[in-house]
Trainee: 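The structure's right below; bear with me while I get my questions together.
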Amino acid sequence: MLLSATNLTVSIHNQIVIDNASFQIFAGTIVALMGANGSGKSTLAYALAGHPLYKVEHGAIIFNGNDITNLEPDARARAGLYLVMQQPPEIPGVPVLTFLHESYRALKGEIAIEELRKKSVAALEAVGLSQSFLDRSLHEGFSGGEKKRFEAAQLLLFAPKFAVIDEIDAGLDALAFDAV
């Protein structure tokens with residue numbers, strides 16, 4: 001089993017959103033969680049990733065055999081759990097290549113910038129983005145589809161053990177949907 005939760009209760013701003021949920025996800029499987037707006041899908045995604053606003057009131061999250069319930073988000077990411085956000089934030093002044101370099105170093109270890117550039121270009125091209133994105137500010141001026149393609153490129157580059165993907169299809173046209 002790759003990821004499981006047992007009796008998971010999660011709150012945000014002191015309001016319980018997920019109450020006593022349990023599940024098991026095995027390696028190599030794809031799980032789609034569907035439900036109405038406000039039903040807790042994104043809350044679950046953020047709780048799994050360790051977002052500080054989403055408090056685990058009760059229960060446990062086990063990832064790859066280890067209890068990660070109280071781990072910080074960066075420790076969860078280093079363990080191989082990756083969150084593709086529904087609305088990634090714009091960060092003006094932070095070049096995409098710098099972001100990718102720092103992220104890669106934190107997740108995978110040292111890498112020469114030229115080697116990372118080569119890997120990044122391949123990941124960007126795989127999702128239909130030009131290498132010029134490496135010189136832009138992070139998500140600044142990206143269309144909705146470009147943000148989602150860039151998130152998919154990061155999945156290819158970082159190759160996590162488990163990805164929680166929150167509405168990867170939001171804002172995508174038909175061509176971008178196929179690329180992602």
Side-chain angles (χ1 to χ4, degrees), residues 1-35 37-91 94-111 113 115-116 119-120 123 138-139 147-148 150-170 180:
M1 178 174 18
L2 186 57
L3 178 70
S4 68
T6 306
N7 303 323
L8 191 64
T9 298
V10 179
S11 69
I12 181 167
H13 305 302
N14 295 318
Q15 180 179 350
I16 292 177
V17 178
I18 297 171
D19 189 18
N20 205 34
S22 296
F23 60 85
Q24 297 178 338
I25 301 173
F26 295 89
T29 61
I30 296 173
V31 175
L33 185 60
M34 299 174 67
N37 290 343
S39 62
K41 301 177 304 290
S42 292
T43 296
L44 178 60
Y46 286 121
L48 293 173
H51 191 296
L53 290 180
Y54 297 82
K55 184 178 179 200
V56 174
E57 301 285 347
H58 178 51
I61 302 168
I62 307 298
F63 178 62
N64 211 21
N66 298 305
D67 187 337
I68 63 166
T69 311
N70 296 313
L71 288 182
E72 294 295 320
D74 62 313
R76 295 175 194 215
R78 280 193 304 277
L81 183 68
Y82 190 80
L83 172 64
V84 174
M85 293 186 286
Q86 193 177 126
Q87 294 292 331
E90 290 186 7
I91 307 179
V94 175
V96 167
L97 184 60
T98 300
F99 167 77
L100 291 174
H101 190 230
E102 293 303 316
S103 298
Y104 194 97
R105 286 180 29 191
L107 294 171
K108 304 274 190 186
E110 284 298 323
I111 186 171
I113 193 74
E115 182 183 348
L116 179 69
K119 289 180 178 223
S120 298
L138 187 60
H139 297 131
K147 286 180 181 179
K148 296 302 181 163
F150 181 62
E151 292 285 303
Q154 290 174 76
L155 280 173
L156 293 172
L157 182 63
F158 301 138
K161 292 176 184 166
F162 188 87
V164 177
I165 302 173
D166 193 4
E167 290 194 32
I168 193 71
D169 61 338
V180 170

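Nothing fancy with the numbering, it's 1 onward along the sequence.
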Trainee: At their closest point, which heavy atom of Ala123 faces which heavy atom of Leu156, and how far apart are they?
Mentor: O-CD1, 4.0 Å
Trainee: For Gly35, is there any backbone N or O sitting under 3.5 Å from a side-chain donor or acceptor partner on Lys41?
Mentor: yes
Trainee: Side-chain contact, heavy-atom cut-off 4.5 Å: Glu151 with His139?
Mentor: yes
Trainee: Test your reading of the model: is there a side-chain donor-acceptor pair from Thr6 to the backbone of Gly59, 3.5 Å cut-off?
Mentor: no
Trainee: Rounded to the nearest 0.5 Å, what separates atom CG in Asn14 from atom CD in Glu57?
Mentor: 7.5 Å
Trainee: Check the angle between the aromatic planes of Phe158 and Tyr82 and answer parallel, tilted or perpendicular using the 30° and 60° thresholds.
Mentor: tilted
Trainee: Return the orientation label for the His51 and Tyr46 ring planes: parallel under 30°, perpendicular over 60°, tilted otherwise.
Mentor: perpendicular
Trainee: Would you give the length of the straight line joining atom CZ of Arg78 to atom CG of Leu71, rounded to the nearest 0.5 angstrom?
Mentor: 9.0 Å
Trainee: Tell me, please, which residues at least two apart from Tyr104 pass ring-ring contact (aromatic ring centres under 6.0 Å, His included).
Mentor: none
Trainee: Show the nearest heavy-atom pair for residues Pro160 and Gly80, with the distance to one decimal.
Mentor: CB-O, 3.4 Å
Trainee: Contact between Ile165 and Leu155 at the side-chain level, heavy atoms closer than 4.5 Å - yes or no?
Mentor: yes
Trainee: How long is the gap from CG on Leu48 to CG on Leu83, to the nearest 0.5 Å?
Mentor: 9.0 Å
Trainee: What do you reckon, is CD of Glu72 surrounded by more than 12 foreign heavy atoms closer than 6.0 Å?
Mentor: no
Trainee: Within this structure, what is the NZ-CD distance for the pair Lys148 and Gln87, rounded to the nearest 0.5 Å?
Mentor: 6.0 Å
Trainee: Do the side chains of Arg105 and Glu102 get close enough for a salt bridge, i.e. N-O under 4.0 angstrom?
Mentor: yes
Trainee: What's the spacing between Leu138 CG and Thr98 OG1 if we round to 0.5 Å?
Mentor: 10.0 Å
Trainee: For the backbone of Leu116 and the side chain of Ser120, can you confirm whether one donor and one acceptor N or O come within less than 3.5 Å of each other?
Mentor: yes
Trainee: Does a side-chain heavy-atom distance below 4.5 Å link Thr29 with Leu2?
Mentor: no
Trainee: Any donor-acceptor pair under 3.5 Å linking the side chain of His101 with the backbone of Ile111?
Mentor: yes
Trainee: Picking from Asp19, Ile18, Val56, what satisfies side chain to side chain contact (heavy atoms under 4.5 Å, CB included) with Thr9?
Mentor: Asp19
Trainee: What's the separation between atom CG in Leu44 and atom CG in Leu8, rounded to the nearest 0.5 Å?
Mentor: 7.0 Å
Trainee: Could you pull out the closest heavy-atom pair between Gly40 and Val17, with the gap in Å?
Mentor: CA-CG1, 3.8 Å
Trainee: Any non-hydrogen side-chain atom of Phe162 less than 4.5 Å from a side-chain atom of Ile25?
Mentor: yes
Trainee: Of the non-hydrogen atoms in Pro73 and Gly50, which two are nearest, and what is the gap between them?
Mentor: CG-O, 3.1 Å
Trainee: May I ask you to test the Ile68-Ile61 pair for a side-chain heavy-atom distance under 4.5 Å?
Mentor: yes
